[in-house]
Amino acid sequence: MRVLLVGAGGVGTAVTRIAARRPFFELMVVADYDPARAETAVAALGADGDRFRAERVDAGDEAQVTALLERHGCDVLLNATDPRFVMPLFRAARAGGAAYLDMAMSLSRPHGERPHEECGVKLGDEQFAQAAEWEEAGLLALVGMGVEPGLSDVFARYAADELFDEIEEIGVRDGANLTVDGYDFAPSFSIWTTIEECLNPPVVYEKDRGWYTTEPFSEPEVFDFPEGIGPVECVNVEHEEVLLVPRWVDARRVTFKYGLGREFTDTLRTLHLLGLDRTEPVTVPGPDGPVKVSPRDVVAACLPDPATLGDRMRGKTCAGTWVRGTKDGAPREVYLYHVVDNQWSMSEYGCQAVVWQTAVNPVVALELLATGAWSGAGVLGPEAFPAGPFLDLLTGYGSPWGLREQ
């Protein structure tokens with residue numbers, strides 16, 4: 001397998017460090033708009049970097065990406081950029097005859113008149129609209145293959161296949177007790193992506209109603225997370241699992257709730273009230289005259305890069321899928337989860353817990369595709385594949401998952 005990895009930020013760098021320990025690929029080309037970031041990621045691998053090459057690429061330039069795929073003979077593109085670049089990279093992969101993996105799907109657009117009741121353009125709609133073309137070409141686009149979405153979807157498939165006869169509700173629940181020394185507000189993941197998913201109208205799925213939206217931060221609940229994290233208030237957030245799971249798993253209701261905490265949600269609400277969550281450029285004075293800038297990009301530039309916070313972070317992060325239904329005629333409720341301790345991920349890989357947990361899952365998926373344990377064509381989510389091989393291999397990577405009866 002020859003892989004083009006686009007994006008050498010925190011998650012992309014973690015991908016290289018995880019993949020360097022595995023023998024399943026021949027070459028990984030690490031490409032970024034900033035060539036220094038790609039070169040740094042490769043150089044950090046030392047003697048393990050023989051199978052890696054650093055390149056510069058503009059993720060928004062489809063022709064450039066396709067040419068890079070062809071020049072290195074890559075048969076798969078792994079997208080580790082932010083969601084703005086999903087569609088150009090998605091199209092470039094198909095143009096180059098390569099498989100495609102991402103960790104976040106094409107962006108949504110709220111309903112123009114009823115944003116908190118009805119869906120507009122949903123996450124992934126643009127990608128699923130091209131599913132027939134991918135299938136006809138015999139190519140696979142594996143979408144939403146990070147941790148959430150990704151591992152959480154694998155958990156949903158495992159629960160449906162192994163743990164339940166009928167499923168009433170699947171609810172992804174994400175929480176952490178991470179703190180960052182020296183910062184009152186320092187998100188552990190891309191603030192651009194965090195704003196996008198937290199301030200957009202959350203989507204809920206109900207079998208009798210289909211997909212619909214609610215107000216941001218709706219339906220708060222306290223969820224008790226395992227391995228010492230404890231109770232965290234969780235709220236509805238827009239996320240890909242709600243759009244993916246019902247396509248392959250039969251459940252009466254699907255939700256996603258994020259354990260943000262009251263201080264974090266208040267900060268996001270303030271950004272929204274001030275218009276600082278907007279992506280449309282505004283004109284501001286500059287030393288050489290007026291310039292246009294995106295308010296959200298300004299917010300991101302004012303905050304520390306999450307990839308650099310590992311040494312200051314303390315605690316654990318938990319991704320998981322709560323499932324309620326029946327088995328053998330009796331009620332059952334379980335929480336399937338994956339916990340990463342920041343101290344472990346920093347000492348073992350030099351990566352903070354959130355980016356490492358995101359990065360390990362596409363690497364596991366790549367290995368399953370390389371060995372043929374997973375295969376397919378079209379635009380498919382993680383639920384479209386058997387869960388057992390993935391969970392076994394994740395444990396083989398030294399990062400086991402857990403199951404708690406509720």
Side-chain angles (χ1 to χ4, degrees), residues 1-9 11-13 15-16 25 27-39 41-42 52-109 121-146 149 190 192-193 196 240 243 279-281 292 294 296-297 300 359 362 365-366 369 376-381:
M1 175 179 279
R2 298 172 72 87
V3 181
L4 172 59
L5 168 65
V6 182
V11 172
T13 296
V15 165
T16 65
F25 66 97
L27 173 70
M28 182 173 288
V29 179
V30 183
D32 197 277
Y33 188 79
D34 180 356
R37 290 211 308 180
E39 290 161 4
V42 172
F52 294 80
R53 301 287 184 275
E55 290 275 8
R56 183 193 180 279
V57 75
D58 180 350
D61 187 329
E62 295 175 36
Q64 193 180 123
V65 175
T66 300
L68 189 58
L69 281 165
E70 293 172 347
R71 186 162 79 248
H72 288 281
C74 294
D75 46 23
V76 60
L77 187 159
L78 172 56
N79 176 3
T81 65
D82 76 50
R84 288 174 289 184
F85 299 104
V86 162
M87 288 311 296
L89 291 173
F90 180 78
R91 290 189 292 261
R94 186 159 66 88
Y100 170 86
L101 273 77
D102 63 28
M103 292 165 264
M105 295 166 64
S106 59
L107 292 170
S108 64
R109 292 192 297 277
V121 175
K122 302 187 297 299
L123 291 168
D125 274 358
E126 289 184 80
Q127 291 171 288
F128 282 115
Q130 299 183 25
E133 290 90 337
W134 280 81
E135 191 167 2
E136 289 168 8
L139 294 172
L140 171 65
L142 174 49
V143 297
M145 191 60 256
S190 163
W192 201 101
T193 304
E196 180 73 19
E240 287 89 343
L243 288 311
T279 58
E280 302 82 4
K292 290 187 174 182
S294 160
R296 192 184 300 185
D297 287 344
L366 284 173
L369 294 174
V379 180
L380 304 176

What closest approach, in Å, do [X] and [Y] show between heavy atoms, and which atom pair accounts for it?
X	Y	value
F85	G60	CD2-N, 3.7 Å
L139	A99	CD2-N, 4.5 Å
T16	A41	OG1-O, 4.2 Å
T66	A95	OG1-CB, 3.8 Å
L142	G381	CD1-C, 3.9 Å
G7	A80	O-CB, 3.8 Å

query: So is R56 actually on top of Y33's ring, under 6.0 Å and inside 45° of the axis?
result: yes
query: With a 4.5 Å heavy-atom cut-off, do V65 and P88 have their side chains touching?
result: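 With C-beta onward as the side chain, the pair stays apart.
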Atom [atom1] of [X] and atom [atom2] of [Y]: how far apart are they, to the nearest 0.5 Å?
X	Y	atom1	atom2	answer
D75	L140	CG	CG	11.5 Å
R2	L77	CZ	CG	14.0 Å
T193	M103	OG1	CE	10.5 Å
E62	L89	CD	CG	8.5 Å
H72	R53	NE2	CZ	8.5 Å

- prompt: Partners of E136 by salt bridge (charged side-chain N to carboxylate O under 4.0 Å, His left out), sequence neighbours excluded?
  reply: none
- prompt: For D58, what residues pass the salt bridge (charged side-chain N to carboxylate O under 4.0 Å, His left out) criterion, not counting sequence neighbours?
  reply: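 Counting only residues at least two positions away or on another chain, D58 forms no salt bridge (charged side-chain N to carboxylate O under 4.0 Å, His left out).
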Counterpart residues, side chain to side chain contact (heavy atoms under 4.5 Å, CB included), relative to [X] (two or more places apart):
X	result
L107	P83, R84, W192, E196
Q127	V86, M87, F90, Y100, D102, M105, S106, V143, V379
S108	L123, N200, E238
A31	L4, E55, V57, L68

field: Donor-acceptor contact below 3.5 Å, side chain D32 vs main chain A8
entry: yes
task: Kindly check if the number of other-residue, nucleotide or ligand heavy atoms within 6.0 Å of CZ (R71) is above 12?
output: yes
